[in-house]
Amino acid sequence: MEQSCKRRLMMVTIVLLAITTGPSLGSPAVHNPEHVITSLYKTQNHYFDNTDKPEFTNPDWMADILDEKSITEISLPGTHDTMALYGGIVVQCQSWTLQLHLEAGVRFLDIRARHYYNELPIHHGVCYQHATFHDVVNVTMAFLENHPKEVLLMRLKEEYKPKGNTETMYQTVVRYLKEFGDWNRVWKNHYIPSIGEARGKLVILQDFDGELLGIRYGADNMSISDDYKIPTISKISLKWDGVKKHFKDAIVGDKKNMYLTYTSGVGVLAFPKQVAEHMNFKLFHFLNHRSTQRQRLGTIIMDFPAAWLIKMIIDLN
């Protein structure tokens, strides 16, 4: 698996290396007075962070949310391909460990697992991410035990090609949760819970076929904006227009529906890091102009978010 990932990425990296050895032309980071270069390829500012750890943490912010509120009524910070730390410029979407995502205040996780000989290695496409769903269960369950007023949403997606299995994906996932976690901390109902019902629990949004565990990702009461294909950075405004429209839909939409908005994207001439620098910059200023408002924007799912950007989403509640 690893060799296949390396071979596929090598040709792309050689051809496009010049594009990624410095800031992209017109990168918003260049024009931001709060922009800080921490090393040659690492940046940490108010909207973008590809360093090893967040500037500050916010591990218990959901304690202030009223129990009677539905998860659909609040704004949640999330990350796209939460564990995509390896594979190079075409594949990497994050730089923090799963534990640091949770401590920073991220409450929506996008976890992608390959079903491989009845095991669940974490993948981004063909690329193995040097972790398994065992690691995910250990980290999320320990976090919920230590922070029992928090709620974790997890999109669990079957990734890449299944191989050599005698169990269904559902059976393997349930086995992992029971063997390596606390089955009582898993939300097993098929409706979206209130905060009070879900405190201390892992709410799985199931993005694989078969018997249903928790809530089906893409159900009728979910509105999802995930237009991830961006041919070049020059087309980033089209992506942002779609994100803004979905935010407006979330503000006026039925509070019983869940709104999931992905700001992430990728293309042949637009890598996740480049897209995130631009999109996070736009998102930061969009939220900054609404800092005194309490509007439901739903779940905002990002690549390389900074601690300040996460906090701005939290402060919408």
Could you name each residue pair satisfying ring-ring contact (aromatic ring centres under 6.0 Å, His included) that touches residues 197-238, not counting sequence neighbours? none
So, the side chain of N50 versus the backbone of Q44: is there a donor-acceptor pair under 3.5 Å, distance only? no
Rounded to the nearest 0.5 angstrom, the NE2-NZ distance for H46 and K311 is 10.5 Å
Atom pairs and distances, donor-acceptor, side-chain atoms in residues 184-194, under 3.5 Å, two or more places apart:
{"unit_1": "R185", "atom_1": "NH1", "unit_2": "G200", "atom_2": "O", "d": "2.9"}
{"unit_1": "W187", "atom_1": "NE1", "unit_2": "N189", "atom_2": "O", "d": "3.2"}
{"unit_1": "W187", "atom_1": "NE1", "unit_2": "Y191", "atom_2": "O", "d": "3.0"}
{"unit_1": "K188", "atom_1": "NZ", "unit_2": "W183", "atom_2": "O", "d": "2.7"}
{"unit_1": "K188", "atom_1": "NZ", "unit_2": "V186", "atom_2": "O", "d": "3.1"}
{"unit_1": "H190", "atom_1": "ND1", "unit_2": "G214", "atom_2": "O", "d": "2.7"}
{"unit_1": "Y191", "atom_1": "OH", "unit_2": "E197", "atom_2": "OE2", "d": "2.9"}
{"unit_1": "S194", "atom_1": "OG", "unit_2": "E197", "atom_2": "N", "d": "3.2"}
{"unit_1": "S194", "atom_1": "OG", "unit_2": "E197", "atom_2": "OE1", "d": "3.3"}

Any pair with a residue in residues 213-234 that passes salt bridge (charged side-chain N to carboxylate O under 4.0 Å, His left out), sequence neighbours left out, goes on the list, sorted by first then second residue, please. none
When the aromatic ring centroids of F56 and W308 are compared, is their separation below 6.0 Å? yes
For H101, check ring pair (Phe, Tyr, Trp, His ring centres under 6.0 Å) against everything at least two apart and list the hits. W96
Run the side-chain hydrogen bond (donor to acceptor under 3.5 Å, both in side chains) test against S75 and tell me which residues pass, sequence neighbours left out. none
Only one of I224, N221, L205 passes side-chain contact (heavy atoms from CB on, under 4.5 Å) with M258; say which it is. L205
Hydrophobic clusters here meaning ILVMFWY residues chained together by side-chain heavy-atom distances under 4.5 Å, can you tell me if I195 and F143 are in one? yes
Among all residues two or more places apart in sequence or in another chain, which pass the side-chain hydrogen bond (donor to acceptor under 3.5 Å, both in side chains) test with D249? K245
Criterion side chain to side chain contact (heavy atoms under 4.5 Å, CB included) on H123 and Q129, from CA distance to verdict: CA-CA 5 Å; H123 270 245; Q129 293 301 312; 5.6 Å; no
Does any part of the side chain of F247, heavy atoms only, come nearer than 4.5 Å to the side chain of T261, both counted from C-beta? yes
If a pair satisfies salt bridge (charged side-chain N to carboxylate O under 4.0 Å, His left out) and one of its residues is in residues 204-213, list it, with sequence neighbours excluded. R155-D207
My understanding is that only residues two or more places apart in sequence, or in another chain, count here; which of them pass ring pair (Phe, Tyr, Trp, His ring centres under 6.0 Å) with Y170? none
Taking ring pair (Phe, Tyr, Trp, His ring centres under 6.0 Å) as the definition, give me every residue that meets it alongside H115, ordered by chain and number, with sequence neighbours left out. none
Set of side-chain hydrogen bond (donor to acceptor under 3.5 Å, both in side chains) partners for E150, sequence neighbours left out: R107
What about L102 and I65, same hydrophobic cluster or not, with Ile/Leu/Val/Met/Phe/Trp/Tyr joined at side-chain heavy-atom distances under 4.5 Å? yes
Can you name the residues that form a side-chain hydrogen bond (donor to acceptor under 3.5 Å, both in side chains) with D110, not counting sequence neighbours? R112
Could you pull out all residues at least two apart from Y117 that satisfy ring pair (Phe, Tyr, Trp, His ring centres under 6.0 Å)? none
F108-V203 co-clustered via ILVMFWY side chain contacts under 4.5 Å: yes
What I'd like to find out is whether the side chain of M279 reaches to under 4.5 Å of the side chain of M302, using heavy atoms alone. no
Centres of the F133 and F180 rings: under 6.0 Å? no
